[in-house]
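Only this structure's heavy atoms are used, side chains among them; waters, hydrogens and symmetry mates stay out. Treat the numbers as computed from the prediction; the structure is a model and nothing was measured.
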Protein chains: 2
Amino acid sequence: MAGMSDEPARASAITDLMHAGRETSRLSTVFRYAIADRLGLTVSDLECLDFLADAGSATAGQIAERANVTTGAVTSMLRRLQQAGWVTAERDPADRRRVIVTLRPERAAELERPYERFAHRAAQLVEGYSVAEIRLLARHFERMRAMYLAELTGLRDGGPTRRSPSR
Amino acid sequence: MAGMSDEPARASAITDLMHAGRETSRLSTVFRYAIADRLGLTVSDLECLDFLADAGSATAGQIAERANVTTGAVTSMLRRLQQAGWVTAERDPADRRRVIVTLRPERAAELERPYERFAHRAAQLVEGYSVAEIRLLARHFERMRAMYLAELTGLRDGGPTRRSPSR
DNA sequence: GAGATTATCTTAGTCATTAAGATAATCGCA
DNA sequence: TGCGATTATCTTAATGACTAAGATAATCTC
């Protein structure tokens with residue numbers, strides 16, 4: 001096999017991969033909308049809660065950056081989420097300008113529930129794969145994750161036209 | 001190797017995969033937000049335009065369903081998109097209740113532009129993979145796509161609590 | 001052709017978000 | 001030490017996308 005030209009096959013496989021990848025990304029966004037709606041949250045709220053579930057706790061500023069909203073939006077978001085009992089927020093004793101936000105641990109499971117069916121099906125999907133294949137997929141997703149993070153900061157900083165002229 | 005118990009390794013690989021997969025999905029949503037923002041569009045607008053880029057043209061009702069918004073929202077969305085020169089909209093001569101919306105072909109490339117850097121990096125990522133590996137990834141994404149579609153219709157139909165009580 | 005259905009549009013009101021600037025705490029440096 | 005600069009969050013006013021409910025208008029059905 002080595003040295004044999006498989007360029008056409010390779011190119012077509014890459015095209016397939018790109019198309020399926022983008023469509024999956026698109027659908028995952030719509031799916032996330034639906035999940036947030038189901039939980040009575042905005043997408044930004046869900047973003048925040050998922051981030052907290054992963055990170056444990058974070059400052060208001062970190063949440064703003066991560067959810068891609070202004071700090072003003074985070075202020076009202078936190079009021080919302082505190083009122084609904086999702087998070088606690090208190091000033092950092094070490095630096096009293098900061099607000100440390102923590103996901104209430106007893107609510108974390110509730111956040112997972114809409115994903116349960118999905119996770120179950122995803123596990124079934126993987127059943128037929130070898131360990132090596134699973135590792136390949138995990139590595140790939142990890143690289144994509146890094147790419148998204150890099151591109152996001154790139155879009156934020158490098159963007160000359162951030163908004164339509166009317167805003 | 002065959003018959004050897006690799007269950008612990010397998011389980012940990014699956015955990016890694018699930019984690020990276022979910023994080024990637026989350027980031028891709030934030031990325032889509034950023035792309036829409038960069039184009040001066042809402043996420044619904046982008047959803048609509050991407051749908052049109054794929055489908056060629058569609059009725060207002062089909063767009064509403066696809067973008068998960070009411071027909072009233074589509075009306076103002078179309079005014080927006082027409083004004084910005086993204087689409088044309090005209091009544092269907094065969095059924096004058098319908099409005100047929102078409103993406104202006106000369107604007108389609110513009111829709112791709114914010115993805116270019118991303119696509120370029122994604123291509124680099126894949127350079128080191130064998131054709132078999134690329135095919136594995138493409139197959140996996142295709143299966144995920146199918147899963148998302150199935151779960152989405154499930155969420156839409158089976159959902160008892162669609163909104164928070166205050167709305 | 002009358003009533004039911006379908007597709008889109010209108011209207012009024014809601015709410016998350018932004019921009020700009022206020023407030024308050026911490027840092028850096030003379 | 002103390003003062004100006006920086007950093008983190010909050011406030012305010014305004015914007016605009018969205019929804020629900022119902023209006024309008026075209027098409028089906030019998």
Side-chain angles (χ1 to χ4, degrees), chain A residues 30 32-34 36-37 39-49 57-84 86-101 156 159 161-167, chain B residues 29-30 32-34 36-49 57-84 86-101 156 162-167:
Chain A
V30 181
R32 257 184 103 69
Y33 255 93
D37 191 68
L39 288 168
L41 299 170
T42 69
V43 176
S44 296
D45 292 348
L46 183 58
E47 206 61 55
C48 167
L49 293 180
S57 63
T59 68
Q62 290 172 321
I63 291 171
E65 187 181 6
R66 199 63 180 224
N68 237 345
V69 293
T70 61
T71 58
V74 170
T75 301
S76 42
M77 180 159 101
L78 291 183
R79 181 165 38 246
R80 249 179 355 250
L81 293 178
Q82 273 183 291
Q83 214 142 34
W86 284 104
V87 302
T88 56
E90 44 197 20
R91 296 219 95 98
D92 184 352
D95 181 345
R96 297 211 317 282
R97 291 170 304 177
R98 288 199 174 94
V99 169
I100 295 191
V101 185
R156 247 202 295 278
T161 47
R162 274 212 64 229
R163 273 285 173 190
S164 70
S166 66
R167 296 188 74 169
Chain B
T29 299
V30 180
R32 247 184 112 67
Y33 256 93
D37 191 69
R38 158 71 64 103
L39 288 167
L41 299 170
T42 69
V43 177
S44 297
D45 291 347
L46 185 57
E47 207 62 54
C48 167
L49 293 179
S57 63
T59 68
Q62 290 173 320
I63 291 170
E65 188 181 5
R66 194 68 177 224
N68 241 339
V69 293
T70 62
T71 58
V74 170
T75 300
S76 41
M77 181 159 99
L78 291 183
R79 181 166 36 248
R80 246 175 6 244
L81 294 178
Q82 275 184 289
Q83 214 143 35
W86 285 103
V87 303
T88 56
E90 44 196 21
R91 297 218 95 98
D92 184 351
D95 180 345
R96 298 212 316 281
R97 291 171 303 178
R98 288 199 175 94
V99 170
I100 296 190
V101 185
R156 245 201 294 278
R162 274 212 64 228
R163 272 285 173 190
S164 71
S166 66
R167 296 188 75 169

Would you kindly give the [atom1]-to-[atom2] distance between [X] and [N], to the nearest whole Å?
| X | N | atom1 | atom2 | value |
| --- | --- | --- | --- | --- |
| B:Ile63 | C:dC9 | CD1 | C1' | 15 Å |
| A:Tyr33 | C:dA16 | OH | P | 13 Å |
| A:Arg98 | C:dA25 | CZ | C1' | 11 Å |
| B:Gln83 | D:dG16 | CD | P | 12 Å |
| B:Arg79 | D:dA17 | CZ | C1' | 12 Å |
| A:Arg96 | C:dC27 | CZ | P | 12 Å |
| B:Met77 | C:dT10 | CE | P | 16 Å |
| B:Gln82 | C:dT8 | CD | P | 13 Å |

Donor-acceptor under 3.5 Å (A:Asp37 side chain, A:Ala34 main chain):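 Not a single qualifying donor-acceptor pair exists.
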
Is it the case that the side chain of A:Arg91 and the backbone of A:Arg97 share a donor-acceptor pair, with hydrogens and angles ignored and the cut-off at 3.5 Å?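 Yes: the side chain of A:Arg91 pairs with the backbone of A:Arg97.
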
B:Ala73 or A:Gly72: which one's nearest nucleotide on DNA chain C is closer to the 5' end?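 Result: B:Ala73.
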
If you pin B:Leu78 and A:Ser76 to their nearest nucleotides in DNA chain C, which one's is more 5'? B:Leu78

Categorize [X] for me: base, sugar-phosphate, or nothing, with a 4.0 angstrom heavy-atom threshold over every strand shown.
| X | value |
| --- | --- |
| A:Gly61 | sugar-phosphate |
| B:Ala60 | sugar-phosphate |
| B:Thr71 | base |

[X] side chain: which of [options] is closest?
| X | options | answer |
| --- | --- | --- |
| A:Arg97 | D:dA26, D:dT6, D:dA20 | D:dT6 |
| B:Thr75 | D:dA17, C:dT10, D:dT11 | C:dT10 |
| A:Arg80 | C:dA16, C:dT8, C:dT6 | C:dA16 |
| A:Arg91 | D:dT27, D:dC10, D:dA20 | D:dC10 |
| A:Val99 | C:dA25, D:dT9, C:dT18 | D:dT9 |
| B:Ser44 | C:dA16, D:dC18, C:dA7 | D:dC18 |
| A:Thr59 | C:dA25, C:dT17, D:dT9 | D:dT9 |

CA sep, side-chain torsions, deciding dist, call: B:Val43, A:Tyr33, side chain to side chain contact (heavy atoms under 4.5 Å, CB included): CA-CA 10 Å; B:Val43 177; A:Tyr33 255 93; 3.7 Å; yes

Most 5' of B:Val69 and B:Asp92 on DNA chain D, judged by nearest nucleotide: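 The residue closer to the strand's 5' end, by nearest nucleotide, is B:Val69.
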
Between B:Asp95 and A:Gln62, just flag the one whose closest nucleotide in DNA chain D comes earlier from the 5' side.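 Counting from the 5' end, the first nearest nucleotide belongs to A:Gln62.
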
At what angle, to 10 degrees, do the two end axes of the helix from C:dG1-D:dC30 to C:dA30-D:dT1 meet, given five pairs define each axis? 30°

Is there a side-chain contact between [X] and [Y] (heavy atoms, below 4.5 Å)?
| X | Y | answer |
| --- | --- | --- |
| B:Arg80 | B:Met77 | yes |
| B:Trp86 | B:Leu41 | yes |
| B:Glu47 | B:Asn68 | no |

Taking only residues two or more places apart in sequence, or in another chain, which ones meet B:Asp92 in a side-chain hydrogen bond (donor to acceptor under 3.5 Å, both in side chains)?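 With sequence neighbours excluded, B:Asp92 shows a side-chain hydrogen bond (donor to acceptor under 3.5 Å, both in side chains) to no residue whatsoever.
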
B:Val101 versus B:Ala60, closest heavy-atom pair with distance: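 It is CG2-N, 4.5 Å.
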
Quick one: is A:Thr70 getting a side-chain N or O under 4.0 Å of the C:dT18 phosphate, OP1 or OP2?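 For C:dT18, OP1/OP2 do have a side-chain N/O of A:Thr70 under 4.0 Å.
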
